[in-house]
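Accompanying notes for the structure given below.
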Amino acid sequence: MNNFSYIKAENTDQAISELDGDIRNKIIAGGTNINDLLRYFITKADKLVDINPFLEHNTVICLDNGGIRLGALCTNADTAYHPIIEERYPLLSKAILAGASAQIRNMATNAGNLMQRTRCYYFYDIHTPCNKRDPGSGCSAISGYNRIHAILGQSENCIAVFPSDMCVALAALDAVINIEGPDGKKVLNFADFHRLPNQTPHIDNNLLHGEVITSIDLPENGFPKNYSYLKLRDRSSYSFALVSVATAFDIENNTITEARIALGGVSHKPWRIREAEEFLIKKEPNSQNFAQAADIILKGARGYEHNAFKIELAKRAIIRNCIMALHPESQRTGAKPSL
Ligand SMILES: Cc1cc2nc3c(=O)[nH]c(=O)nc-3n(C[C@H](O)[C@H](O)[C@H](O)COP(=O)(O)OP(=O)(O)OC[C@H]3O[C@@H](n4cnc5c(N)ncnc54)[C@H](O)[C@@H]3O)c2cc1C
Ligand code: SF4
């Protein structure tokens, strides 16, 4: 049993003061991840700072620039079913609803989703070496059972993947993250939030100790006409992605004018390669062009004993999901898209 104190913070300033920039003091929001981490002794806390009373971070609001702001404490369920998200950002809604279970989505918050930790089996087994849990101890997955692990962006220190669905859509949609900390407010582009493992796999993202995520902003364009989220997994529900793809297009006169493709389940962060998106601009939306984009995205991919299949799986998933994005109606009706 780890003893810790529990504080209910009334506002962001109090939370920052209670966190005191100290790694041993931790935020609890929905508790769906941090409770497990504490119970299994994967993480330790001297103090848990409960930020749930922050009603100002519990909403979805429209911004003057045409975009929207998702409250950090808004639940995944409230976000996915919000009328503005369903209508203007259906890619995000679909990605959130592909994750976890209805019960978990009712508790899980948006900021908590960004901050959730990997599902690497060895990370959760405190009797095995793991550089992410215990820096310098080694990586059990590289020569172990690595079916769910990374094929892109990994290092010799860690091949874990970031498990979120929501974040794959946020990456594709060019979200930005609003943060407050002891040094004031700051904003991080989504692409700069999560980190690759490199030499420091124990650091998942660029949020500093003592900082609080207050909200996530989305730009005006939510690609409501041509979008799709595809999640491939071992079970059809309540399972993390082996590979997932978020795709969004703007298309005029059968020509792509804007393209977004982000992958989940393949790397330590949502994987987005601008070169592939630029390749598709001014091109016809067809499977030949999508296959070339997939090759660009998977360039340099490396598999291990149990997960090499993910490279081909990811390529096929990209092509299929790009085709599905041309027919978003077929996703709602269950009809099979064809090209
Ligand atoms: C069985 C199961 C299945 C799941 N399946 C999926 C899935 O398929 N896809 C998917 O995407 N997710 C899945 N999840 C993960 C789930 O979405 C996350 O656990 C959840 O989003 C975390 O949110 P929370 O509010 O509960 O976070 P908490 O558990 O409260 O906190 C998680 C982390 O976030 C930090 N944190 C929380 N809020 C803030 C803030 N405002 N500022 C800074 N730090 C903060 C906490 O300190 C902690 O480190 C699953 C979870 C479970 C338990
Ligand atoms: S892949 Fe990363 S999280 Fe998994 S055992 Fe290796 S170091 Fe730990």
Side-chain angles (χ1 to χ4, degrees), residues 9 12 15-16 19 25-38 42-43 45 48-52 54 57 71-77 79 95-101 103-125 128-146 148-150 154-170 177-181 197 201-202 204-205 207-216 231 233 235 237-241 244 264-265 268 270 304:
T12 310
I16 293 166
L19 291 169
N25 301 332
K26 303 218 175 345
I27 288 175
I28 181 166
T32 61
N33 193 211
I34 195 159
N35 277 334
D36 284 350
L37 297 170
L38 290 169
I42 296 153
T43 197
L48 276 189
V49 182
D50 186 345
I51 58 171
N52 277 289
F54 296 7
H57 297 154
L73 274 168
C74 199
T75 66
N76 286 180
T79 305
I96 293 173
L97 295 177
S101 65
Q103 291 85 351
I104 290 169
R105 293 192 298 266
N106 284 339
M107 288 300 294
T109 64
N110 291 334
N113 195 298
L114 268 59
M115 295 291 294
Q116 66 176 293
R117 306 214 67 190
T118 184
R119 294 283 156 172
C120 172
Y121 332 107
Y122 303 102
F123 176 69
Y124 281 85
D125 177 357
T128 57
C130 169
N131 286 325
K132 186 179 278 298
R133 177 174 26 79
D134 182 13
S137 63
C139 172
S140 299
I142 290 176
S143 57
Y145 186 57
N146 40 42
I148 62 169
H149 289 78
Q154 64 272 46
S155 76
E156 70 278 10
N157 297 299
C158 179
I159 60 170
V161 300
F162 178 59
S164 167
D165 291 291
M166 177 183 191
C167 290
V168 185
L170 291 175
I177 303 169
N178 299 308
I179 294 166
E180 287 188 36
H202 57 292
D204 291 344
N205 57 58
L207 193 80
L208 304 176
H209 302 313
E211 290 183 333
V212 179
I213 298 171
T214 54
S215 59
I216 302 153
K231 180 175 182 180
R233 46 190 154 171
R235 285 194 311 262
S237 75
Y238 205 36
S239 182
F240 291 92
S244 68
H268 207 255
Y304 297 82

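Just follow the structure's listing: the first ligand is 1, and inside any ligand the first atom is 1. Source: prediction; values computed, not measured.
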Region of Asn35 that comes within reach of ligand 1 [heavy atoms, distance under 4.0 Å]: neither
Can you tell me if Cys167 has a non-hydrogen atom under 4.0 Å from ligand 1? no
From Asn52, Thr43, Ile104 - option closest to atom 1 (C) of ligand 1 by heavy atom: Ile104
Does Arg119 have a heavy atom less than 4.0 Å from any atom of ligand 1? yes
Can you tell me which residue and heavy atom of the protein come closest to atom 13 (C) of ligand 1, and the distance to 0.1 Å? Phe240 CE2, 3.4 Å
Identify, by atom number and element, the atoms of ligand 1 in contact range of Ser239, meaning under 4.0 Å from any of its heavy atoms. 8 (O)
Contact between Arg105 and ligand 1, counting heavy atoms under 4.0 Å? no
Can you find an N/O atom of Thr32 closer than 3.5 Å to an N/O atom of ligand 1? yes
Tyr145 to Tyr122 - nearest heavy-atom pair and separation: N-OH, 2.8 Å
Quick one: does Val212 get an N or O within less than 3.5 Å of an N or O on ligand 1? no
How many protein atoms of type N/O/S are positioned less than 2.8 Å from atom 6 (Fe) of ligand 2? 1
List in chain and number order the residues that pass side-chain hydrogen bond (donor to acceptor under 3.5 Å, both in side chains) with Ser215, two or more places apart in sequence or in another chain; answer none if no residue qualifies. Asn178
Provide the number and element of each atom of ligand 1 under 4.0 Å from a heavy atom of Gly99. 7 (C), 8 (O), 9 (N)
Tell me which one of Asn113, Leu114, Asp204, Ile179 gets a heavy atom nearest to atom 21 (O) of ligand 1. Asn113
Please confirm whether Gly30 comes within less than 3.5 Å of ligand 1 when only nitrogen or oxygen atoms on both sides are compared. yes
For ligand 1 and Lys231, I'd like to know whether there is a polar contact (N/O to N/O, distance under 3.5 Å). yes
The closest protein heavy-atom partner of atom 7 (C) of ligand 1 is Ala100 N, 3.1 Å
If you count the atoms of ligand 1 from 1 in the order shown, which ones are under 4.0 Å from a heavy atom of Asn33? 19 (O), 29 (O)
If you measure from atom 25 (O) of ligand 1 to every heavy atom of Asn25, Thr109, Leu19, which option wins on shortest distance? Thr109
Looking only at distances, please establish whether an N/O atom of ligand 1 is found under 3.5 Å from an N/O atom of Ile27. yes
Contact check: Met115 vs ligand 1, nitrogen or oxygen atoms, below 3.5 angstrom: no
